[in-house]
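Worksheet: one structure, shown below.
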Amino acid sequence: MDAVETLKQKAQTSNFAYLKLLQKYRFNNDEMHYIFEGYEDQSFYFNYLQGLSSNYVTHISLGKKQSIEIYDKIDWAKYDKKRIIIFIDRDYSRILGEAVPTDNNIYETTYYSIENYISNSEVLKRLIREILHFHEEVEINKIVVKYESELELFIKNIKPILAWILTIRSHRLKANLNMIDLAKLFQISEDLSFSKNSIDKIAYLEKVTHVKTPEVHLSGFKHWYSITGTMPSYKIYLRGKFEAWFFITFFNRINNYLLKTYNHNSKVKTNINHSNALEIIGPRTSIPKRFENFLKQLFP
């Protein structure tokens, strides 16, 4: 077992991140303490945090629930909220009516999670230019238009899966969503077209998440399906890792597409996958406006 895995196991034990915070916190200096849900979050947030403070300590809670527990345990009469900042994903908590604390030192994403921020047309353009070394603007814009149209199809076809997840969550059933491999359900072809695979999606979801769909009236399922139509942006209800799957898969098809369509051989050396996406794409993402305002309040 390597050092990272050892640290992960320690963090999963009760109060490890909280105790580390108490151990590292000093009342006689201005050292910042950042609490993240996961290790990859740092790659996204430090794109914007760097330069604001050189004196800081990071803590990994390994989950939104754990981050909120740390917030609840801290005696804020003693500890300075301006020095302990907690970063959490929105996920489905608010849709499901779950209690989520709000405070000046808590940043909650506007979208489902940070992965929703790295998946967009502007970032796609940058990746085509900077990683695939293709700079023909007219052709790039055609690819972006294709991306946006195929994304619409993806969103339409994944809505029933999202409604299933919300049904499961509303019944307080614990399903490991990280076990869902969207490549089993959907695909993007070499010509950048989206399609769905012929597979019983509910049976697949039950198998990989080890959760049986509760017996619910069709109206209950339709309720969660219709909820998605009331949101101002699909990024609020589309799970970030699902949108990132579409974005990464689409991008990874572009290299061969450019070769076949425009005879452009990028000789690409950077492989983007789900493990390194935030590290590679995060620094190429524009700062979210709400987060920019949050930082201005934090570092006036």
Which atoms form the tightest heavy-atom contact between [X] and [Y], and what is the distance?
X	Y	result
I168	K212	CD1-O, 4.3 Å
Y234	E243	OH-OE2, 2.7 Å
G282	N47	O-ND2, 3.2 Å
L238	F242	CD1-CB, 4.0 Å
D80	Y25	N-OH, 3.2 Å
I236	T110	CG1-O, 3.8 Å

For the backbone of [Y] and the side chain of [X], can you confirm whether one donor and one acceptor N or O come within less than 3.5 Å of each other?
X	Y	answer
R94	D91	no
H264	L132	yes
N55	D30	no
N116	S113	yes
E206	T213	yes
N256	R253	no
S226	H223	yes
N141	E137	yes

Common cluster, [X]/[Y], ILVMFWY with side-chain heavy-atom separation under 4.5 Å:
X	Y	answer
I74	L22	yes
V57	Y18	no
Y225	I161	no
V268	L259	no
V145	I254	no

- [ ] Report the C-alpha separation of V208 and D181 in whole Å, then their side-chain angles, then the decisive distance to 0.1 Å, and conclude whether the side chain to side chain contact (heavy atoms under 4.5 Å, CB included) test is met.
- [x] CA-CA 9 Å; V208 298; D181 180 3; over 6 Å; no
So does [X] have more than 12 non-hydrogen atoms from other groups sitting under 6.0 Å from [atom1]?
X	atom1	answer
M179	CE	no
E215	CD	no
D200	CG	yes

Are [X] and [Y] near enough that their ring centres are under 6.0 Å apart?
X	Y	result
F27	Y79	yes
F154	F186	yes
F46	Y56	yes

Atom [atom1] in [X], atom [atom2] in [Y]: separation rounded to 0.5 Å?
X	Y	atom1	atom2	result
I281	Y117	CD1	OH	16.0 Å
R126	N120	CZ	CG	10.5 Å
D89	I114	CG	CD1	6.0 Å
E148	L153	CD	CG	12.5 Å
S53	Y34	OG	OH	4.5 Å
Y71	D103	OH	CG	3.5 Å

Check: [X]/[Y] side-chain N/O donor and acceptor closer than 3.5 Å:
X	Y	value
T102	E108	no
N29	R83	yes
S193	K146	yes

Open item on the list: Using the rule ring pair (Phe, Tyr, Trp, His ring centres under 6.0 Å), only one of F194, Y147, W245 pairs with F250; which is it?
Closed with: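 Result: among F194, Y147, W245, Y147 is the only option passing the ring pair (Phe, Tyr, Trp, His ring centres under 6.0 Å) with F250.
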Task: Mutual orientation of the aromatic rings belonging to F87 and F294 [parallel < 30°, tilted 30-60°, perpendicular > 60°] - done: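 Rings of F87 and F294: perpendicular, as their planes differ by over 60°.
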- [ ] Take I118 and F44 through the side chain to side chain contact (heavy atoms under 4.5 Å, CB included) test and state the conclusion after the steps.
- [x] CA-CA 9 Å; I118 69 171; F44 177 77; 4.2 Å; yes
Open item on the list: Less than 4.0 angstrom from a charged side-chain N to a carboxylate O is my criterion; do E37 and K64 meet it?
Closed with: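 Looking at E37 and K64, the cut-off is not met.
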Open item on the list: Any carboxylate oxygen within less than 4.0 angstrom of a Lys/Arg side-chain nitrogen, looking at E98 and R172?
Closed with: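 Looking at E98 and R172, the cut-off is not met.
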- [ ] Kindly indicate, with the supporting measurements, whether the criterion side chain to side chain contact (heavy atoms under 4.5 Å, CB included) is fulfilled by L182 and F246.
- [x] CA-CA 9 Å; L182 291 187; F246 180 88; over 6 Å; no
TODO: For F299 and M32, run side chain to side chain contact (heavy atoms under 4.5 Å, CB included): C-alpha distance rounded to whole Å, both residues' side-chain angles, the deciding distance at 0.1 Å, then the answer.
DONE: CA-CA 11 Å; F299 300 97; M32 299 293 295; 4.0 Å; yes
